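For clarity, every value in this text was computed on a predicted model and none was experimentally measured. First listed ligand is number 1; within each ligand, the first listed atom is number 1. The chain is numbered in sequence order, starting from 1.
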Amino acid sequence: MLSRPCELDSMAGGGGVTSDSGKNYPGKFTSKVFFTCIVAASGGLIFGYDLGISGGVTSMDSFLEKFFPKVYRKEISIKPSDDQYCKFDSQTLTLFTSSLYLAALLSSMTASRITRGLGRRMTMMFGGLFFAIGAVINGFAENVLMLIIGRVLLGFGIGFANQSVPIYLSEIAPFKYRGAMNIMFQLSITIGILIANLLNYFTAKIEGGWGWRLSLGGAVVPGLVFFFGCFFLTDSPNSLLERDKFEEAKVQLQKIRGIDNVEEEFNDLAKASEAAKLVQNPWREILTRKYRPQLIFAVLIPLFQQLTGMNVFVFYAPVLFKSMGFGNNASLMSALITSIVNFFATLVSIATVDKYGRRTLFLEGGLQMLLCQLVMTISIASKFGTSGNPGELPLWFSMLVVIAMCIYIAGFAWSWGPLGWLVPSEIFPLEIRSAAQSIAVAVNMIFTFCIAQVFTTMLCNLKFGLFIFFAVCVVGMSIFIYKFLPETKGVPIEEMTIVWKNHPRWSKYFVEKDLSCEMGKI
Ligand SMILES: OC[C@H]1O[C@](O)(CO)[C@@H](O)[C@@H]1O
């Protein structure tokens, strides 16, 4: 087995942006970088659009009546005195939502090969195309099979996009703006969710009950924007070098940095890419002991991101509100409010992440989410009890739940939301970064799937205890961050090994590597 050569530890590896510590490559934040960033980030838009659209559509009566008549019949036969927690408990319905995540999980693994072999841009184009085709099939769906096929294609699109966009953004970003540009991906996810909720709010009111077709088919727009946008992009210098296109890589670097003299950065980038080529099997390499600490985080961070319970609100806010006795309109309206909060709070993260650091945001966000989960648990328990029969819901109650939810969402949006992508992307060296990104996407998808699949059953069985479950998870993950995550703020990406070496829990994984390197030199 080929392991990472010792000399790689001292070589450039910052996704090609910087190399040795203290280096500060010249260059500007050019309009080309800005445009490229917007187009690439629209890959987040397709993910967000889908995240936001499914919940609203599955709470539209005309949609349920056509595709899930059993759920629909159950829903209309439920009397206000029945158990409200269980009215949406249908595995077929949740399979509609979750099939996409399974497809995305599979495709993100394939995408890592395409990203390396054909480039980031090509992977993104595949993403946009699959997504647009899936949207058309869904918009014209006549039966559940068409719905599922459409969603599987959407899932392929999302898997390809999520695998390639964050890497692409990191590679074209000037070093100083890497954090902010990475979070642009999450920001566009929140924009996608917002647009989708807005659309659902109006399509739900369309006479004749075909509004859901507009909602599902509307996904073709972000899909095509992303697809055609990619024609205007050039691949990242890293990706071009990876495929031995030296001249093109240099010209591209000069264009995105807005200067001619990119010699220093280009040379380091070429060195990093040569060094990375020595690692023949990134998938095996990533499993070796020396990457254990980073690997643990690449798996646990996306897992924990999902265990915050955020997606329960993203997917099911309208369903959840409906189960709690809010009217149709009020449910979609609350979903709209929460997505606006999600968007603005992500901006806060962009502004603060490099100032206060990842750990502070994680811990503050965790505490905020925990307090809100407790408020929601107590208020829902007091009104719905275990019978799930609330009687008349007073206005103050609805307000309290919506406010608690908004504060919870803000906490998520400036912590676990964006950091769930940022941290895994900045802790790995170049040679295994692409494989690590696939792992992070795959874990994210598996648990997004699990939450989507089991939520309605959990609500039906755990009742208000569902919120306690997520609260306990938030406590656990916050303790984990507090004890084990080294602060990565302001550390050049190629210097990242130092933060692990200096951490009391992880240093032992690096001692051995140093020794073996030294031994090799003797
Ligand atoms: O903004 C909320 C959204 O962000 C994600 O966590 C992805 O980072 C999704 O799983 C969630 O729906």
Task: Closest candidate by heavy atom, reference atom 5 (C) of ligand 1, pool M445, M310, Q305 - done: Q305
TODO: Verify the distance criterion only: is there a donor paired with an acceptor across the side chains of Q186 and T346 at less than 3.5 Å?
DONE: no
Task: Salt bridge R120-E242, side-chain N to carboxylate O under 4.0 Å - done: yes
Open item on the list: Using heavy atoms and a 4.0 Å limit, tell me yes or no: is W421 in contact with ligand 1?
Closed with: yes
Open item on the list: Taking the ring of F67 and the ring of W212, is the distance between their centroids below 6.0 Å?
Closed with: yes
Open item on the list: Would K483 and F480 count as a cation-pi pair here, with the cationic atom under 6.0 angstrom from the ring centre and within 45° of the axis?
Closed with: no
Open item on the list: I'd like to know if the side chain of T338 pairs up with that of N342 as donor and acceptor (distance under 3.5 Å, no hydrogens or angles considered).
Closed with: no
TODO: Check ligand 1 against F412 and write out every atom of the ligand that is under 4.0 Å from a heavy-atom position of the residue.
DONE: 2 (C), 6 (O)
Open item on the list: Any nitrogen or oxygen of Q306, side chain or backbone, less than 3.5 Å from one on ligand 1?
Closed with: yes
- [ ] Please report which non-hydrogen protein atom sits nearest to atom 10 (O) of ligand 1, along with the residue it belongs to and the distance in Å to one decimal place.
- [x] N311 ND2, 2.8 Å
Open item on the list: Can you confirm, on distance only, whether ligand 1 has an N/O atom lying under 3.5 Å from any N/O atom belonging to T190?
Closed with: no
Task: Selection from L419, L194, N342 by shortest heavy-atom distance to atom 1 (O) of ligand 1 - done: N342
Task: K205 atom NZ, over 12 foreign heavy atoms within 6.0 Å - done: yes
TODO: Could you check atom 4 (O) of ligand 1 against the protein and tell me its nearest heavy-atom contact, residue, atom and distance included?
DONE: Q186 NE2, 3.1 Å
